[in-house]
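Just follow the structure's listing: the first ligand is 1, and inside any ligand the first atom is 1.
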Amino acid sequence: MNTHHSPLTTHHEDTIVALATPNGIGAIAVIRLSGPDAIAIANSVWKGKDLTKQASHTIHFGHIVDGDLVLDEVLASLFVAPRSYTRENVVEISCHASGYIIESIIKLFIKKGARSAKPGEFTLRAFLNGQLDLSQAEAVADLIASNSKASQQVALQQLRGGFSTQLQALREQLVNFASLIELELDFAEEDVEFANRDQLKNLIHEITKIVGRLIQSFELGNAIKNGVNTVIAGRPNAGKSTLLNALLNEERAIVSHIPGTTRDTIEEVLNIQGINFRLIDTAGIREATDAIEQIGVQRTMEKISQSALLVYVFDAAEITTEELNNDIESLQKPGISMLLVANKADLLTDAQLTALPHGDKLTIISAKEKQHIDELKQRIYSSSIKDQLSGDETMVTNIRHLEALQKTEEALVRVLGGIDGSITSDFLSMDIKQALHYLGEITGVVTTDDLLENIFSKFCIGK
Ligand SMILES: Nc1nc2c(ncn2[C@@H]2O[C@H](COP(=O)(O)OP(=O)(O)OP(=O)(O)O)[C@@H](O)[C@H]2O)c(=O)[nH]1
Ligand SMILES: [Mg+2]
């Protein structure tokens, strides 16, 4: 369903205005106007060259005036439709960033006929006017929110349309087959096959492979975009908080020789090779001695269940093999990878050191002496990021895209089953259309008001 005439989109004649830079005092703020009257509205409160007579992509010095009152000395950047972000007339006023000036200029524009933009409305217009497809529009939000090199790269790749181009190509091929099969429906009596079933099968196999690869990329894509929840857990006094501090290279958590020091969870972000790991230090696991500690231990268990990676720390000088095995067994959960960290290596004799179980799941460290911390970081990284990060790889980072791809895959499996089971063209056609529908949802060929509302309401105002 294409809803380009929906309530969301009937305000196209409106000219919208919003502050595009953050609220607060700064050197410069940018106020954006977009819509058919953007240039006229700016010009109506402008002292300087006539803005309505200037060329696109030019910048002009002048004053914003409210009657005789000069509000500010500003620069106006002109973008004449369709050569702008929204493909409408756009004026960007760079003024001095005082809350008072910003508010006065925006109020003035509203008095002259503009209205306040809703969150994401500039980008919504860019989408509705065909400047960006939906996945690109979503990438704009991701780019703004990106906080590491990897997340910025993935968002930029999506903004540039890598993802869309790939999906578009798949879609076109499917559309061709769908129309051939539609044609068969018109000749139903004659029992002809315009769409070669072997070719169709090959195509579906090929598309399924690509869709499958995109689905798989989500795990990594999601880690890149949202970070990896990494919980540090173990018995009291194992050195969890000391380890958190060593990883962060900062005295973040309280460390003491008293078991049960950490009672609440402590979260900090650690960037390892461009990926954000959300480290969570937790209360040591034991039979709690008081009510507060008990809540802390419960919270530890909750955090473990919400994490992708568990770093289990034990005091190598204290723990018995039996205790160690019990802990590992009780903490192991499906869907969570576990790293074992033998701490306090500095207290061990050589004989004790060699007696420790060796393997790539175990890292022997001294958190206090900061020994082998880098080795542990490397293991944290490689246990979560299994695939290579390459700059040009298309990656799915958005749960909405993931779900659409999964539904596409299901429909494709039905198409394949249908060909093998020699079902009639009309059923085949239905399943292909389903696959097309879900693929189209990603780029926004197929949209609904709810979907757009949901996506753009999460944007900031002014974008
Ligand atoms: N010798 C030695 N002592 C350590 C090491 N790591 C931690 N410790 C000491 O062990 C004690 C406990 O450390 P913490 O980091 O508070 O332990 P924790 O696991 O956070 O303990 P709780 O918060 O009580 O669960 C402190 O006295 C630390 O100085 C280490 O590598 N070597
Ligand atoms: Mg602690």
>> Does only the side chain of Asn343 get under 4.0 Å from ligand 1, or the backbone, or both, or neither? Count heavy atoms.
In response: side chain

>> Suppose we measure from atom 10 (O) of ligand 1 to each protein heavy atom; which comes out shortest, and what is that distance?
In response: Lys344 NZ, 3.0 Å

>> Starting from atom 18 (P) of ligand 1, what is the nearest protein heavy atom, named by residue and atom, and what distance separates them?
In response: Lys240 N, 3.5 Å

> For ligand 1, which atoms, with element, lie under 4.0 Å from some heavy atom of Pro259?
Replying inline: 24 (O)

> Which residue holds the protein heavy atom closest to atom 17 (O) of ligand 1, what is that atom called, and what is the gap in Å?
Replying inline: Gly239 N, 3.2 Å

>> Treating Gln158 as the side-chain partner and Ser135 as the backbone partner, does any N or O pair qualify as donor plus acceptor under 3.5 Å?
In response: yes

>> In terms of relative ring orientation, are His57 and Phe79 parallel, tilted or perpendicular, with 30° and 60° separating the classes?
In response: perpendicular

>> Among all the protein's non-hydrogen atoms, which is closest to atom 29 (O) of ligand 1, and how far away is it?
In response: Val255 CG1, 3.8 Å

> Given Lys368, Gln371, His257, which one has a non-hydrogen atom that is nearest to atom 30 (C) of ligand 1?
Replying inline: Lys368

> With atoms numbered from 1 as shown, which atoms in ligand 1 lie under 4.0 angstrom from a non-hydrogen atom of Ile258?
Replying inline: 24 (O)

>> Heavy atoms only: which of Gly260, Ala367, Gly284, Ser366 lies closest to atom 24 (O) of ligand 1?
In response: Gly260

>> Taking 2.8 Å as the cut-off, does Thr262 contribute an N, O or S atom near the Mg ion (ligand 2), distance below it?
In response: yes

>> So that I can tick it off, tell me whether Glu441 and Lys407 are bridged by a salt bridge, with the cut-off set at under 4.0 angstrom between side-chain N and carboxylate O.
In response: no

> Is Lys433 close enough and on-axis enough to Tyr438, meaning under 6.0 Å and within 45°, for cation-pi?
Replying inline: no

> Is the CG atom of Leu347 crowded by more than 12 outside heavy atoms at less than 6.0 Å?
Replying inline: yes

>> Show the atoms of ligand 1 that are less than 4.0 angstrom away from any heavy atom in Ala238.
In response: 19 (O)

> Does one side chain, of His401 or Glu138, offer a donor that lies under 3.5 Å from an acceptor on the other?
Replying inline: yes

>> Can you tell me if, anywhere in Thr282, an N/O/S atom lies at a distance from the Mg ion (ligand 2) that is smaller than 2.8 Å?
In response: no

>> Among Asp346, Leu347, Ile232, Thr242, which one puts a heavy atom closest to atom 32 (N) of ligand 1?
In response: Asp346

> Could Asp346 and Lys368 be called an ion pair, given the rule that one side-chain N must be under 4.0 Å from one carboxylate O?
Replying inline: no

> Do Thr262 and Ser241 meet the criterion of a side-chain donor-acceptor pair at a distance under 3.5 Å?
Replying inline: yes

> Considering only heavy atoms, does Ser241 approach ligand 1 within less than 4.0 Å through its side chain, its backbone, both, or neither?
Replying inline: both

>> Can you see whether Phe122 has Arg32 sitting over its ring - NZ or CZ less than 6.0 Å from the centre and within 45° of the normal?
In response: yes

> What is the nearest protein non-hydrogen atom to atom 12 (C) of ligand 1, stated with its residue, atom name and distance?
Replying inline: Asn237 OD1, 3.0 Å

> Within the distance-only criterion (no hydrogens, no angle test), does the side chain of Thr300 pair as donor or acceptor with the backbone N or O of Ala283 below 3.5 angstrom?
Replying inline: yes

>> Using a 4.0 Å heavy-atom cut-off, which part of Ser256 comes near ligand 1: side chain, backbone, both, or neither?
In response: backbone

